[in-house]
Amino acid sequence: MHIPESLQDLADSEAVQFLKRPKTITRIIGGVFSLIVFSSLLTDGYQNKTESSKLHCVLNSNNVACSFAVGAGLLAFLNCLTFLALDAHESCIGNTRFKTAFQLLDFILAVLWTGVWFVGFCFLANQWQRSPPEGFLLGSSSAKAAITFAFFSICIWIFQAYAALHDLRNDTSVPYKRSLDEGGVVLTTLSPPSAASPANTPTTGPNNPSYASSALPPYLTTPKAPRLAMMPDN
């Protein structure tokens with residue numbers, strides 16, 4: 001199947017490759033789940049009873065339950081948006097320490113949000129179970145949606161914590177080591193040769209080039225002055 005060049009270039013673009021990353025997908029899904037939780041209870045979570053016009057939370061008339069779900073959903077949604085923006089500019093982060101701190105913060109927050117959504121799911125399910133049947137005219141579907149996506153959020157944040165821990169382990173820099181691809185040099189410790197080492201000790205013997213010149217006989221190295229011979233008189 002022939003793919004047009006324009007579509008191929010679009011598929012190979014950095015934006016598409018960024019959206020195809022598992023971490024990006026989980027952040028988007030986690031943000032959508034958080035949006036559903038707080039928006040469903042914010043719009044239809046407060047209803048009036050059949051005998052009163054005063055608004056109450058549909059979860060057992062417990063305003064703390066609705067407030068908890070709305071607050072947790074809103075903060076989790078903002079957290080996903082913030083880390084999505086930081087992930088998009090991750091290549092611009094040149095400081096290794098800042099990048100490691102960012103990954104560590106991502107892992108800690110993912111673990112915390114996992115605990116928050118677990119507590120939230122148990123709390124919301126318990127309050128919904130205690131709610132009297134037919135207590136409110138509307139709002140039951142919104143309560144069920146909030147409880148359902150609170151449970152799904154637990155799985156999403158567990159995966160985000162695993163992905164953050166995986167990146168933290170893989171990208172931790174090794175001390176005293178620079179990558180050759182980045183133009184660095186591997187730092188090694190070399191002890192300087194001592195004066196008494198065999199490398200500085202001159203060798204003497206027939207195989208040494210200086211041996212021939214040092215072992216030459218005196219008559220080849222020092223010229224002698226000519227002698228005057230006295231001729232006898234006749």
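- Contact check for Ile147 versus Phe121: side-chain heavy atoms found under the 4.5 Å cut-off.
- Counting only heavy atoms from C-beta outward, the side chains of Leu59 and Phe68 never approach each other to under 4.5 Å.
- In this structure, SG in Cys155 is found 9.0 Å from CZ in Phe33, a value given to the nearest 0.5 Å.
- In this structure, the separation between CG on Leu105 and OG1 on Thr100 is 12.5 Å, given to the nearest 0.5 Å.
- Contact between Gln103 and Ala164 at its shortest, heavy atoms only, is O-CB, 4.3 Å.
- The line from CD of Gln160 to SG of Cys80 is 5.5 Å long, rounded to the nearest 0.5 Å.
- Side-chain contact check for Lys20 versus Thr24: every heavy-atom pair is 4.5 Å or farther apart.
- When the side chains of ILVMFWY residues are joined at heavy-atom separations under 4.5 Å, either directly or via intervening members, Tyr162 and Leu168 end up in two distinct hydrophobic clusters.
- Phe159 and Phe151 end up in different hydrophobic clusters when Ile, Leu, Val, Met, Phe, Trp and Tyr side chains are linked at under 4.5 Å.
- How far NE2 of His56 is from OG of Ser131: 12.5 Å, rounded to the nearest 0.5 Å.
- Under the 4.5 Å side-chain criterion, counting only non-hydrogen atoms from C-beta, Trp113 is in contact with Leu75.
- In this structure, Phe149 and Phe152 have perpendicular ring planes: the angle between them is above 60°, well past the 30° mark.
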With side chain to side chain contact (heavy atoms under 4.5 Å, CB included) as the criterion, how do Leu109 and Trp157 come out once you've worked through the C-alpha distance, each side chain's angles and the decisive distance to 0.1 Å? CA-CA 9 Å; Leu109 288 178; Trp157 286 101; 5.8 Å; no
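- The only member of Arg27, Lys23, Arg21 that meets side-chain hydrogen bond (donor to acceptor under 3.5 Å, both in side chains) when paired with Asp87 is Arg27.
- For Ala146 against Val37, the heavy-atom pair with the smallest separation is O-CG2, 3.8 Å.
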Report the C-alpha distance between Ile158 and Trp117 in whole Å, list the side-chain angles of each, state the deciding distance to 0.1 Å, and finish with yes or no for side chain to side chain contact (heavy atoms under 4.5 Å, CB included). CA-CA 10 Å; Ile158 288 176; Trp117 283 119; over 6 Å; no
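- Counting heavy atoms of neighbouring residues, nucleotides and ligands inside a 6.0 Å radius, atom CZ of Phe118 does not exceed 12 of them.
- The two atoms that bring Phe38 and Ala69 nearest to each other are CB-O, 4.1 Å, heavy atoms only.
- The backbone N or O of Leu55 sits nowhere less than 3.5 Å from a side-chain atom of Gln47 that would complete a donor-acceptor pair.
- Counting all heavy atoms, side chain and backbone alike, Ala76 lies closest to Ser34 at CB-OG, 3.3 Å.
- Remark: Leu42 CG to Leu74 CG distance equals 9.0 Å, nearest 0.5 Å.
- Below 30°, between 30° and 60°, or above 60°: for Phe102 and Phe83 the angle between ring planes is below 30°, a parallel geometry.
- At least one donor-acceptor pair closer than 3.5 Å links the side chain of Asn62 to the backbone N or O of Val64.
- In plain terms, the two heavy atoms of Phe77 and Gly31 that are nearest each other are CD1-O, 3.2 Å.
- Partners of Asn79 by side-chain hydrogen bond (donor to acceptor under 3.5 Å, both in side chains), not counting sequence neighbours: none found.
- The line from OG1 of Thr82 to CG of Asp106 is 11.5 Å long, rounded to the nearest 0.5 Å.
- Across all their heavy atoms, Ile156 and Thr26 have their closest contact at CG2-O, 3.6 Å.
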